[in-house]
There are 2 protein chains.
Amino acid sequence: MNKELKQQFQTSFGKQLEKFRVLQGLSYRQLAQRCDLDHSVISKIEKGEVNIQIGTVLELAKGLKAHPKELFDFKFDLDE
Amino acid sequence: MNKELKQQFQTSFGKQLEKFRVLQGLSYRQLAQRCDLDHSVISKIEKGEVNIQIGTVLELAKGLKAHPKELFDFKFDLDE
DNA sequence: TCAATTGTGGTAGAATATTGCCACAATATT
DNA sequence: AATATTGTGGCAATATTCTACCACAATTGA
């Protein structure tokens, strides 16, 4: 499949995640604790280095007290 | 983590996917062709048997010509 | 009736995410 | 100055998805 598009999607998701985290004044380690994830993983996710599973999305949403769909609420053009 | 919640999340996503697919009058095999996925995989996803990656979500969204976030637009309570 | 389509279930190998840990430079705090 | 915190990167082991098949019962259509 389109590798750039996938890469871009991961990056967009990461940026969105960062937005939520920073807005709540959380560090990687603080969010990690709430999510039951390792802090280094969150770093990689925010940088778009990982193609995470939706179960992990759920973890993140829980930690941020947000609905999962909010983490996908960013502008994204499917065809380019 | 909460295994039931994760399971429920996958199932909800699957149902949402089914909604979109059926609304467009597509069979598993037809959607699979558009998504560059195997039809048996889509069956498993709709039944909530797989914890898919967001890259796969993107594939499905492309095939359905929908924004990825729409596939997560279902009611879901984080605490229960 | 015969052929095609559909949803479902299984399998096996390759690829990738997850988990848990460590270490370090840069920055912030006391 | 000394200490704590933060973001980042790497690593190994385990778990899971992904990919590409095949097969079959049930339904649909000609």
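We name chains A, B, ... by the order of the sequence lines, and we start the count at 1 in each one. Hydrogens, waters and symmetry mates are skipped; everything else that's a heavy atom, side chains included, is used.
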Counting distance only, does the side-chain N/O of B:Asn51 pair as donor-acceptor with the main-chain N or O of A:Gly55 below 3.5 Å?
-> yes
Can you find a side chain N or O atom of B:Arg21 that sits less than 4.0 Å from OP1 or OP2 on C:dG7?
-> yes
Rounded to the Å, how far apart are A:Gln30 CD and D:dT5 P?
-> 10 Å
Could you state the OH-C1' distance from B:Tyr28 to D:dA26, rounded to the nearest angstrom?
-> 14 Å
Report the relative orientation of the aromatic rings in A:Phe9 and A:Phe72; use parallel for angles under 30°, tilted for 30 to 60°, perpendicular for over 60°.
-> parallel
Take the protein atom CG of B:Leu26 and the nucleotide atom C1' of C:dT5, then report the distance between them rounded to whole Å.
-> 14 Å
Go ahead and name the base partner of C:dT30; Watson-Crick or wobble counts if both distances stay under 3.5 Å, otherwise write none.
-> D:dA1
When the distance from CD of A:Gln33 to P of D:dT6 is rounded to whole Å, what number comes out?
-> 11 Å
Nucleotide by nucleotide, 5' to 3', does protein get under 4.0 Å of the base (B), only the sugar-phosphate (S), or neither (-) in nucleotides 11-30 of chain C, counting heavy atoms?
-> B-----SSBBB---------
Residue-phosphate contact under 4.0 Å: B:Ser27 side-chain N/O, C:dT6 OP1/OP2 | yes
Are any side-chain N or O atoms of A:Gln10 and backbone N or O atoms of A:Gly48, one a donor and one an acceptor, separated by less than 3.5 Å?
-> yes
Considering only NZ, NE, NH1 and NH2 on the basic side and carboxylate oxygens on the acidic side, decide whether A:Arg21 and A:Glu46 come within less than 4.0 Å.
-> yes
Is it true that a side-chain atom of B:Gln8 and a backbone atom of B:Asp77 form a donor plus acceptor pair closer than 3.5 Å?
-> no
Do any N or O atoms from the side chain of B:Gln24 and from the backbone of B:Leu64 form a donor-acceptor pair under 3.5 angstrom?
-> yes
